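See below for the structure under consideration.
Computed from a predicted model, the values in this text were never measured in an experiment.
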Amino acid sequence: MDQIVGGLAATSEVPKGFVTLEVQSVHHYTERLFSFTTQRPAGFRFRSGEFAMIGLMVDCKPLVRAYSIASPNWEEHLEFYSIKVPDGPLTSRLQNIQIGDEILIRPKPVGTLVFDALLPGKRLFLLSTGTGIAPFSSVIRDPEVYEKFDQIHLLHTCREVAELQYGEELVQSVHAHEYLGELAVGKLHHHPSATRETYKNTGRIDDWIKDGRLARLCGGDLTPDTDRVMICGSMAMLDTLKGICEEHGFLEGSNSKPGQFVIEKAFAG
Ligand code: A2P
């Protein structure tokens, strides 16, 4: 029988292949962005950078979308970072979740923004726009990233300054963390940028690469010999940055054939 939990319809009928997770916290950043944490299913394992299908029961059917897992793989809870699309079938509803509500998850995480899809390298570039930072939130909290790479450069570009808050707090939390902070010191570099407001850094990531700003900030232009790149953002952003990687001679990697760069769409709707 259906019941109303915290303003959302929940059902005791869990569809095949899904489990329900209780929402533990919700944080709204702007009118377009929010994050939330949930319980972690027993035995649920994932690789940093992977995504899972999550959503809600709508009209007695599961309505799910792919969401990168933003929390580190050692954390007891799961965290997700989402856009709010006013007429988006899922996010227009998901944005109303409250503590104690239940969401659905298909506990089969997958994805290509993983270390397994990259060859060994020295510098790791994490290129993100908007909610595309979510998988990197997991990656930069994985101690393994500091063993595998000498430098990690997290680029996060948004239209407005307020949209950079999630990334600012994330990077601060890594540096302040008792254990991760020591690993990240001198290795993790954060380059936030706004494109439609005045800020300390402005402009798109492709412009930073083309005008030499990235090379100046990071100690040299992109090279497939020692650099590895993970890209997550809108389709347009992926097309642009994939093109730039290929122009620089980078080969795309996959789980079955590791390469020099990997891409994934930041999912929404
Ligand atoms: P801009 O403000 O110049 O459009 P969106 O919310 O549309 O996904 O955009 C998020 C960020 O990604 C914005 O800063 C936007 O810049 C930037 N962006 C949009 N398209 C591209 C692209 N093709 N390549 C690089 N950055 C992009």
Side-chain angles (χ1 to χ4, degrees), residues 26-36 49 51 54 65-71 79-97 111 113 124-140 152-174 188-218 222 229-245 261-269:
V26 185
H27 187 113
H28 292 270
Y29 289 88
T30 68
E31 284 182 3
R32 294 207 315 148
L33 296 167
F34 72 112
S35 69
F36 57 96
F51 65 84
I54 68 166
R65 295 284 183 270
Y67 269 83
S68 292
I69 303 164
S71 41
E79 178 196 340
F80 303 96
Y81 184 47
S82 179
I83 197 157
K84 307 174 196 175
V85 182
D87 53 359
L90 178 62
T91 63
S92 63
R93 296 177 166 94
L94 198 60
Q95 64 176 295
N96 298 319
I97 52 168
L113 300 178
L124 176 65
F125 288 89
L126 305 172
L127 309 183
S128 62
T129 55
T131 55
I133 193 174
F136 304 145
S137 175
S138 186
V139 167
I140 66 167
I152 296 105
H153 293 277
L154 172 63
L155 280 83
H156 186 214
T157 303
C158 293
R159 297 178 186 193
E160 296 168 12
V161 177
E163 295 171 335
L164 296 166
Q165 188 189 343
Y166 177 89
E168 299 276 9
E169 289 175 1
L170 165 71
V171 173
Q172 278 169 20
S173 78
V174 172
L188 175 63
H189 306 276
H190 182 212
H191 311 285
S193 165
T195 48
R196 301 195 189 185
E197 279 186 346
T198 312
Y199 186 56
K200 61 180 176 185
N201 304 316
T202 53
R204 291 181 173 197
I205 295 170
D206 48 318
D207 292 332
W208 281 44
I209 299 171
K210 285 187 213 139
D211 66 18
R213 239 182 306 174
L214 190 74
R216 283 195 298 281
L217 275 172
C218 307
L222 290 176
V229 184
M230 291 181 165
I231 311 171
C232 190
S234 64
M235 280 314 290
M237 178 270 203
L238 296 185
D239 276 355
T240 303
L241 294 178
K242 179 181 158 122
I244 290 182
C245 281
F261 79 99
V262 283
I263 63 172
E264 206 129 77
K265 185 175 177 289
F267 306 87

Is a side-chain donor or acceptor of Ser138 paired with a backbone partner of Ser71 at a separation under 3.5 angstrom? yes
Salt bridge or not for Glu163 and Arg32, using N-O below 4.0 Å? yes
What about Phe80 and Phe36, are their ring centers closer than 6.0 Å? yes
Thr91 (side chain) donor-acceptor with Val85 (main chain) under 3.5 angstrom: yes
Might you point out which heavy atoms bring Lys242 and Ile263 nearest each other, and give the distance in Å? CD-CD1, 4.0 Å
Looking at every heavy atom in both Thr202 and Ser193, which two are closest together, and how far apart are they? C-OG, 3.3 Å
Donor-acceptor contact below 3.5 Å, side chain Glu264 vs main chain Cys232: no
Side-chain donor/acceptor of Arg93 to backbone N/O of Pro89, under 3.5 Å: yes
Distance-only, no hydrogens or angles: does the Asp206 side chain make a donor-acceptor pair with backbone N or O of Thr240 under 3.5 Å? no
Output yes when a side-chain donor or acceptor of Ser173 lies under 3.5 Å from a complementary backbone atom of Leu170, and no otherwise. yes
Taking atom types as modelled, find out whether Ser137 and Tyr81 have a side-chain donor-acceptor pair closer than 3.5 angstrom. no
Under a 3.5 Å threshold, yes or no: a donor from one side chain and an acceptor from the other, between Gln165 and Glu169? yes
Please report the closest heavy-atom contact between Phe125 and Leu155, naming both atoms and the distance. CD2-CD1, 4.3 Å
Tell me the closest heavy-atom pair linking Gly203 and Trp208, and the distance in Å. O-NE1, 3.5 Å
Quick check: does any side chain N or O of Lys84 sit under 3.5 Å from a backbone N or O of His28, one acting as donor and the other as acceptor? no
Is the His27 ring parallel, tilted or perpendicular to the Tyr29 ring (thresholds 30°, 60°)? tilted
Nearest heavy-atom pair of Gly167 and Ile133: which atoms, and what distance? CA-CD1, 3.6 Å
For the ring pair His190 and His156, is the centre-to-centre distance below 6.0 Å? no
If I compare all heavy atoms of Pro135 with all of Leu113, which pair ends up nearest, and what's the gap? CG-CD1, 3.6 Å
